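If you're wondering where the values come from, they're calculated on a predicted model, not measured in any experiment. Start at 1 and go down the list; that is how both ligands and their atoms are numbered.
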Amino acid sequence: MCGIVGFTGVRSAAPILLDGLKKLEYRGYDSAGIAVMDHHVISLSKVTGRIANLCEKTHDGKCMAGSTGIGHTRWATHGAPTEENAHPHLSNDGRFAVVHNGIIENYIALREELIRDGYHFESETDTEVIVHLIEMYYRGDMREALIRTANQLRGSYALGVLCSEEPDKIYAVREASPLILGLGIGENFFASDVTALVNHTRNVIYLEDGEFAELSRSSIRVFDGAGQEIRKKSTRILWDVQAAEKGGFEHFMLKEIMEQPGAVKATISPRIKDGRIVFDELKALIPALPNIRKIMITACGSAYYAGCAGKYALEKLCRIPVETQLASELRYSDPLIDEQTLLIVISQSGETADTIAAMKECKARGAKTLAIVNVVGSTVAKMADYTVYTWAGPEIAVATTKGYTTQISVLYLLALYLSDCLGLDSGKKAVMIEALQALPRQIQQAIDMNPGIPGLARKYHASKALFFIGRNTDYAVALEGALKMKEISYLHAEAYAAGELKHGTIALIEEHQPVIALCCNPLIMEKTMNNIVEVKSRGAEVLALTYRNNQKILSVADDLLFIPQIDPLFSAVVEIVPLQLLAYYVAKENECDIDKPKNLAKSVTVE
Ligand code: F6R
């Protein structure tokens, strides 16, 4: 949710912190602040709203002297987005400053105790208890103060801490919230996400839960929860810096939509060798496969919808029952999961709190866990028994696009791979592998075939509501299409299984009601066409998404979106692309903040 950064070196800290916060702004953007230390004095600057306001207030950091500091961009959980609640928080004696990402679950009890002990609170946040605890436990040794503080906290936290007694050091603490240390030359950094580090260094260390680090300009030392120093290996980030910049596009979202042919190719191509699917990372799973009786897919939001779309290929090709469950539901559902279940966990960020909790719950019941993740070294990636990475590159826009399509691509690959390992030969393997290899090209065609989308956006942008309908995989894509539309354009958009219309929803159809009908599966085309006729006869305006040259639809729909003709088992990954573009242009018409939609954050690290 929130983003944190830290820097210590010889350069002026404030501009570096502000630059890092701009890269993290997608994680939260309702208020922001930095604390910089200069000769044993900590100075603070905080604002409500965007990082741009903080840049203005600090004259791009020029009016804050000091070469050691921490910064924060907030997505409010406890307490409104005000300056008082913005981080960093300062101790009563002014010697300590803290930034925090996560939630302290027992903060109310801690706050009451601290108030009884004479500490006063400036904010309504859960975070403020941390800085007062550090002040209380500090007896000249920061490591001891951090360990004693961490022992009091329940919940999730990535912390950045300054202590004015140690003017050249920053401290970082991690428990269930991402935190990465960056190794520079004569300077060191930390951040919630590597995107804030890659402009300065490509050598990073991933902190694990329960670890903390002491960073000075010349060294990084990492300790376990008992204070024992531990040796950590650094990892080299191979992402291209350009990949985290807009590169001439008006929004990250548009750039990321356009990157999908490349991202899907990067995800699929290396896993096809000599006409077979190869997953070196799954070799250890093979012996357990014959005992698997059920596949459970869990995730949140779009990642969940990717699971809904991929389920069809898995079930059809592996002949194993596949269930899909939202992680936020699964975790509290006393699920029927055991050692004969393969749990597939899908997450772009790898840090989604509900997804992690559902995974823990199922692991405890004996399930084998296979994670499909984009962010390397993230919590989900590390927790899983087997991890398959999507190679989407950094996704910056809050609304996922290439994250989603690469997740479905992995599910297709998995379906073919597992069926091969199970010895199931559909006799069509070679054709199917060719079909997967064609997907990047077909995504590009789906982009090129629909130059009329900005015009359609002008037609539909002022609608009160949009309904998306479809059957089977078309329905799964309709769910994601409607989510894209609501989250970035704020239009009321709902997806319905087309066959369900008569069971209630058709009551909502009135004159000029836009209905977006997905008809990309020739086997059930007639059925969806019947639904189109039903809504049209009640006055609906139908925008159909179908494959090129589908003459039947041409005669019933008012407007059309196209994809090339594809095996319906694999078409979801292409079908979504015109719908992403439609949502993008509708949001643009409505002058919405497309990359940072209101009330949303990129990485939902709290429940
Ligand atoms: C919607 C969107 C969210 C995420 C969901 C899960 O565009 O991005 O619905 O898909 O919050 O996030 P990850 O995949 O990071 O676990």
With respect to Val586, which candidate in His461, Lys484, Arg458 satisfies the side-chain contact (heavy atoms from CB on, under 4.5 Å) definition? His461
Is the centre of the His251 ring less than 6.0 Å from the centre of the Tyr584 ring? yes
Contact with ligand 1 for Val380, non-hydrogen, under 4.0 angstrom: no
How far is atom 11 (O) of ligand 1 from the closest protein heavy atom, and which atom is that? Val604 CG2, 4.1 Å
Is the number of heavy atoms from other residues, nucleotides or ligands within 6.0 Å of NZ (Lys265) greater than 12? no
Any Leu207 side-chain heavy atom under 4.5 Å of Ile180 side chain: no
Would you mind telling me if ligand 1 is within reach of the side chain of Glu351, the backbone, both or neither, using heavy atoms under 4.0 Å? neither
Tell me which protein heavy atom sits closest to atom 14 (O) of ligand 1, plus the residue, atom name and distance to 0.1 Å. Gln348 N, 2.6 Å
For ligand 1, which atoms sit closer than 4.0 Å to a heavy atom of Ala399? 7 (O)
Starting from atom 6 (C) of ligand 1, which protein heavy atom do you reach first, and at what distance in Å? Cys300 O, 3.3 Å
Say whether Thr355, considering both its backbone and side-chain N or O atoms, lies within less than 3.5 Å of an N or O atom on ligand 1. no
Heavy-atom nearest neighbour in the protein, as seen from atom 7 (O) of ligand 1, with distance rounded to 0.1 Å: Glu487 OE2, 2.5 Å
One pair to check against side chain to side chain contact (heavy atoms under 4.5 Å, CB included): Leu543 and Leu466. What are the steps and the verdict? CA-CA 10 Å; Leu543 167 58; Leu466 292 173; over 6 Å; no
Atoms of ligand 1 close to Ala303 [distance to a heavy atom under 4.0 angstrom, numbered from 1]: 10 (O), 14 (O)
In terms of residue, atom name and distance, what is the protein heavy atom nearest to atom 10 (O) of ligand 1? Ser302 N, 3.2 Å
Parallel, tilted or perpendicular: rings of Tyr107 and His78 (30°, 60°): perpendicular
With a heavy-atom distance limit of 4.0 Å, tell me whether Thr352 approaches ligand 1 through its side chain, its backbone, both, or neither. side chain
Angle between ring planes, Phe467 versus His492, binned at 30° and 60°: parallel, tilted or perpendicular? perpendicular
Starting from the C-alpha separation in whole Å, work towards a yes-or-no answer on side chain to side chain donor-acceptor pair (under 3.5 Å) for Thr387 and Glu281. CA-CA 7 Å; Thr387 298; Glu281 53 276 63; over 6 Å; no
List ligand 1 atoms under 4.0 Å from Val398, heavy atoms only on the residue side. 8 (O)
Quick one: does Lys484 get within less than 4.0 Å of ligand 1, heavy atoms only? yes
Evaluate Asn374 against Thr390 for side chain to side chain donor-acceptor pair (under 3.5 Å), listing each step before the verdict. CA-CA 5 Å; Asn374 192 39; Thr390 51; 3.1 Å; yes
So which heavy atom in the protein is nearest atom 15 (O) of ligand 1, and how far is it from that ligand atom? Ser349 OG, 2.6 Å
